[in-house]
Amino acid sequence: MVRYSKLAFRQTVHHYGVDLCWTPMILAKEFNRSSFARDSDLTVGTNGPQPATIIQFGANNPTELARASSLAIPYVNGVDLNCGCPQSWACAETLGAALMNQRELVRDMVVETRSRLASDGWAVGRDKDMENPKGRSVSVKIRVHDDLRRTMDFIDTVIGDPNNRNIDWLTIHPRTRYMASTVPIRNEALEILTEKYAKTLPILLSGRARHAYH
């Protein structure tokens, strides 16, 4: 959640039964360059049970994302690439929702990240490593395009081989980059994408989608 999901928030929702938490979006470039940024942006508890946490990065370079993931992964359960943030500053830097027009780049980022984590000794075998203590996930959060065919092309490229996919799961925010969060989600788009891809990989839902179809 934007601005909210620091450690105290994650611990609170974990206390009330939430299984999996995300950090706010962290800039991979700054995370790599500064120990101060790492200490400030990624806080973890030292006492008691720790909420299972996915670190969400903003990145536009495969090497930057892979390196940041390597630094963070001992302290989290997985890495998520944010391709959904619509804020103008992020899109101006080819981050967040701007990456929805860069499907090959997104593919390259998740492929290099998964390879780096594997070379570091982490278990990134997707479903088969779910119970492995060293199991770690690589995932992507997206928005949708006005032309849903472009979204399908994006997803197909990022997933790669469905039998040996590049990501563990996909989070869909069923609004376009230009739709405000107060505007109802695109239910038809969500239904089409879910029906097409739910047999290939787990799909999560984001974006105050309280009225999604059932």
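Keep in mind that the numbers below use all heavy atoms, side chains included, and drop hydrogens, waters and symmetry copies. Bear in mind the structure is a predicted one, so any value in this text is a computation, not a measurement. FYI, the numbering just counts along the sequence from 1.
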Original post:
Does F36 offer a backbone N or O that forms a donor-acceptor pair with the side chain of S40 under 3.5 Å?
Top reply: no
**OP:** Quick one: closest heavy-atom pair of A52 and N77, and the distance?
**Re:** CA-OD1, 3.3 Å
**OP:** Check S137 against W169 and note the closest heavy-atom contact, atom names and distance.
**Re:** OG-CH2, 3.4 Å
**OP:** Enter the distance from L65:CG to T113:OG1 here, rounded to the nearest 0.5 Å.
**Re:** 3.5 Å
**OP:** Among T43, T53, V44, I55, find the one that has a side chain to side chain contact (heavy atoms under 4.5 Å, CB included) with Y75.
**Re:** V44
**OP:** Specify the closest pair of heavy atoms between T200 and R165, including all atoms of both residues, with the distance to one decimal.
**Re:** O-NH1, 3.4 Å
Original post:
Can you find a heavy atom in the side chain of Y197 that is under 4.5 Å from one in the side chain of I159?
Top reply: yes
Subject >> Rounded distance [0.5 Å steps], OG in S206 versus CG in N82 >> reply: 8.5 Å
**OP:** Is it possible for you to say whether L148 and I203 belong to one hydrophobic cluster, with membership spreading through side-chain heavy-atom contacts below 4.5 Å?
**Re:** yes
**OP:** Any chance you could measure R143, atom CZ, to I172, atom CD1, to the nearest 0.5 Å?
**Re:** 13.0 Å
Subject >> Shortest non-hydrogen contact between T171 and L205, atoms and distance >> reply: CG2-C, 4.4 Å
Subject >> Residue pair S139 / D168, side-chain donor-acceptor N/O under 3.5 Å >> reply: no
Original post:
Out of curiosity, does V124 fall in the hydrophobic cluster containing M130 (side-chain heavy atoms, cut-off under 4.5 Å, transitive links)?
Top reply: no
**OP:** Applying side-chain contact (heavy atoms from CB on, under 4.5 Å), run through T23 and D41 and close with a yes or a no.
**Re:** CA-CA 8 Å; T23 69; D41 290 340; over 6 Å; no
Subject >> Side chains of W122 and S70 in contact at under 4.5 Å (non-hydrogen atoms) >> reply: no
**OP:** Take N164 and R126, measure what side-chain contact (heavy atoms from CB on, under 4.5 Å) needs, and give me the verdict at the end.
**Re:** CA-CA 9 Å; N164 188 31; R126 292 166 293 275; 2.4 Å; yes
Original post:
Is V138 close to N166 at the side-chain level, that is, under 4.5 Å between some pair of heavy atoms?
Top reply: no
Subject >> Interatomic distance, R177 atom CZ to S88 atom OG [nearest 0.5 angstrom] >> reply: 9.0 Å
**OP:** Check salt bridge (charged side-chain N to carboxylate O under 4.0 Å, His left out) between D147 and all other residues, then give those that pass, not counting sequence neighbours.
**Re:** R149
Original post:
Under the 3.5 angstrom rule, does the side chain of R136 hit a backbone N or O of L117 as a donor-acceptor pair?
Top reply: no
Original post:
Between CD1 of I167 and CE of M109, what distance do you get to the nearest 0.5 Å?
Top reply: 12.0 Å
Subject >> NE2-CZ distance between H145 and R186, expressed to the nearest 0.5 angstrom >> reply: 10.5 Å
Original post:
What pair of heavy atoms forms the shortest contact from A28 to E64, and how long is it?
Top reply: CB-O, 4.0 Å
Original post:
Are F154 and I142 side-chain neighbours, meaning at least one heavy-atom pair lies under 4.5 Å?
Top reply: yes
**OP:** Find out whether R116 and S69 are in side-chain contact, i.e. whether some heavy atom of one side chain is under 4.5 Å from a heavy atom of the other.
**Re:** no
Subject >> Where V76 and L42 come nearest, the two heavy atoms and their spacing >> reply: CG1-CD1, 4.0 Å
Original post:
Are L71 and L7 in one and the same hydrophobic cluster, where Ile, Leu, Val, Met, Phe, Trp and Tyr link if side-chain heavy atoms are under 4.5 Å apart?
Top reply: no
Original post:
Given side chains that start at C-beta, do those of R38 and S35 come closer than 4.5 Å, heavy atoms only?
Top reply: yes
Original post:
Would a 4.5 Å heavy-atom cut-off, applied to side chains only, mark M152 and L193 as touching?
Top reply: yes
With a 3.5 Å cut-off and sequence neighbours excluded, list the donor-acceptor pairs that the side chains of residues 90-105 form with protein atoms.
residue, atom, partner, partner atom, Å
N101, OD1, R150, NH2, 2.5
R103, NH1, T157, OG1, 2.8

